[in-house]
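Notes follow once the structure below has been shown.
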2 protein chains.
Amino acid sequence: MERGAILQHDEEGKTDAPPARRRESREKRREQLINATIDSLAKRGYAATTLANVSDGAKLSRGIVNFHFDSKENLLLETLQYMSDEYQENWKARYAESAPDTASRLAALVTADLDRRICTPRTISAWFALMAEAKSRPAYQKLVWERDAKYRGRLTEYCRKAKEEAGYAFDPEIVTAAIYAMQEGLWLRLMLSGGDYKRTTALKVVKEMLGTVLPKHFTPEGTPLSHASKRNTGRKQ
Amino acid sequence: MERGAILQHDEEGKTDAPPARRRESREKRREQLINATIDSLAKRGYAATTLANVSDGAKLSRGIVNFHFDSKENLLLETLQYMSDEYQENWKARYAESAPDTASRLAALVTADLDRRICTPRTISAWFALMAEAKSRPAYQKLVWERDAKYRGRLTEYCRKAKEEAGYAFDPEIVTAAIYAMQEGLWLRLMLSGGDYKRTTALKVVKEMLGTVLPKHFTPEGTPLSHASKRNTGRKQ
DNA sequence: CCGCTTACTGAATGGTTATTCAATAAAAGT
DNA sequence: ACTTTTATTGAATAACCATTCAGTAAGCGG
């Protein structure tokens, strides 16, 4: 029996101009396929994502993925790499454009995770889909671990700086762990609640924590107090 | 109902124990199969878990799962239910055996997640394997959401109580969200770091946070100050 | 227009896996 | 004893899916 030569309407809408060019450069296609992969991971999860889903999503033929990525395994790995790069670029940019005082830097780092650009249901769902498999796939685990290490390192650096500036009692490593864990937990929540929980709510939580843990650097609502620069190593505020 | 201390759920191993009984009660078999499922989820992840893995893990025949659970889908759902029950029983027990003052109750609730009994690599890995699929499976999502709601409700109740007792400025809902997110994030970290990160380290993080956020109820290291009962709404300690 | 390269297609292949079910065997009931 | 019920097996089945590859066609330099 014949399977549809009929045009199926957009699965995961994304694509471009009406008369989609039949040929594209290698890089464009690869990115298009990676995006279709993220769409499918977000929509169906890891287990139910097939190469047919991906190629359908990109409105291309069955063999296309193996042509560009050799294997499904490799497609998924490169997708993880792509998302990891995107994540890293984002926090580095938010960091770079922040004011140079400790409070602003910390706020930039901590807020970057919930930035509109990367914190979408699509991204988060796909991220966790891959994450859950990382346990049993060394290549994923390595990638994810490295992503974390860089960010956490930067965060610790500024927690340490804050401690020096204001004489907090905490252990910077522990506070970093706490903040970072909270952020990942909020991501999870954003994913699981399916829309009830909003990005802006999560932001409020993160900021209130900053205000509580670093009271010399932030207001109780989490607004950075950019004054506390190098001067006052003193006790009172 | 007791946890399966009786049943050996070693991996699809080698030597056979005593001539395992060929017939068991319905309930025993179901629990044995659920345990084999958790083993496989933890070891291989969701995508690579097959019914053959499960039946081999339980040292039973191929058709056994469909006989007891009708379908793979259903097996996974009941596994999630099983883990969810176990989780709930644990924190309720830890809560019940804690001293009745606010600080001790909070400590019990918050610490329960990292209890030796449920916080094992096996449990956490399996949990996330199922969690990541929840997004695209309404039945999972509902279950997980309900699990959360009960626990979070109790946590909020005691955060509110603490606020009344000591006159903290925070919003109890937000603090609950922060604490809970941190706990889930720590779980994730325990899973991803594959042994580098220890349960006891996570415990330290959680306790230090309690000490910081609720300074009238905990020492800076997170030990509950059970005295702060109903009396002192005052300022200094 | 001609060859040549490169991007793409989709039917065929082969391996994997959930599910079914007729056959078997252990209990339980009589 | 022997009948019935219930648990279990494992081979057969059918669906699904990643991968292959021979063929098609678009772009391009000439």
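In what follows, chains are A, B, ... by sequence order, proteins preceding strands, each numbered from 1.
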Spacing of B:D56 atom CG relative to D:dT9 atom P, expressed in whole Å: 11 Å
Any carboxylate oxygen within less than 4.0 angstrom of a Lys/Arg side-chain nitrogen, looking at B:D171 and A:K204? no
Pairwise N/O distances under 3.5 Å, protein to nucleotides 19-22 of chain D:
residue : atom : partner : partner atom : Å
D:dT19  : OP2  : A:N66   : OD1          : 3.3
D:dT19  : OP2  : A:K72   : N            : 2.8

Nearest-Å distance, CG (B:L60) to C1' (C:dT24)? 16 Å
Determine, stepwise, if the pair A:V110 / A:Q183 fulfils side-chain contact (heavy atoms from CB on, under 4.5 Å). CA-CA 8 Å; A:V110 164; A:Q183 288 176 278; 4.2 Å; yes
Closest non-hydrogen atom pair between A:L109 and A:Y151, with its separation: O-OH, 2.6 Å
Which nucleotide in the set C:dA7, C:dT9, D:dG10 lies at the smallest distance from any side-chain heavy atom of A:S61? C:dT9
Whole angstrom is fine here: how far is it from CZ in B:R44 over to C1' in C:dT16? 14 Å
Test salt bridge (charged side-chain N to carboxylate O under 4.0 Å, His left out) on B:R117 and B:E86; report intermediate values, then the result. CA-CA 10 Å; B:R117 271 158 285 211; B:E86 204 170 47; over 6 Å; no
Salt bridge or not between A:E146 and A:K142? Use side-chain N to carboxylate O under 4.0 Å. yes
Between C:dT16 (P) and B:N53 (CG): distance, integer Å: 13 Å
Rounded to the nearest Å, what distance is computed from the CG atom of residue A:L76 to the P atom of nucleotide D:dA18? 10 Å
Between P on C:dC21 and CD1 on B:I64, what's the gap in Å once rounded to a whole number? 17 Å
So for atom CZ, which belongs to B:R116, do other residues, nucleotides or ligands contribute more than 12 heavy atoms lying within a distance under 6.0 Å? no
May I have the distance from B:F69 (atom CZ) to C:dT19 (atom C1'), rounded to whole angstrom? 16 Å
Separation of C:dT6 atom C1' from A:H68 atom NE2, nearest Å, is 10 Å
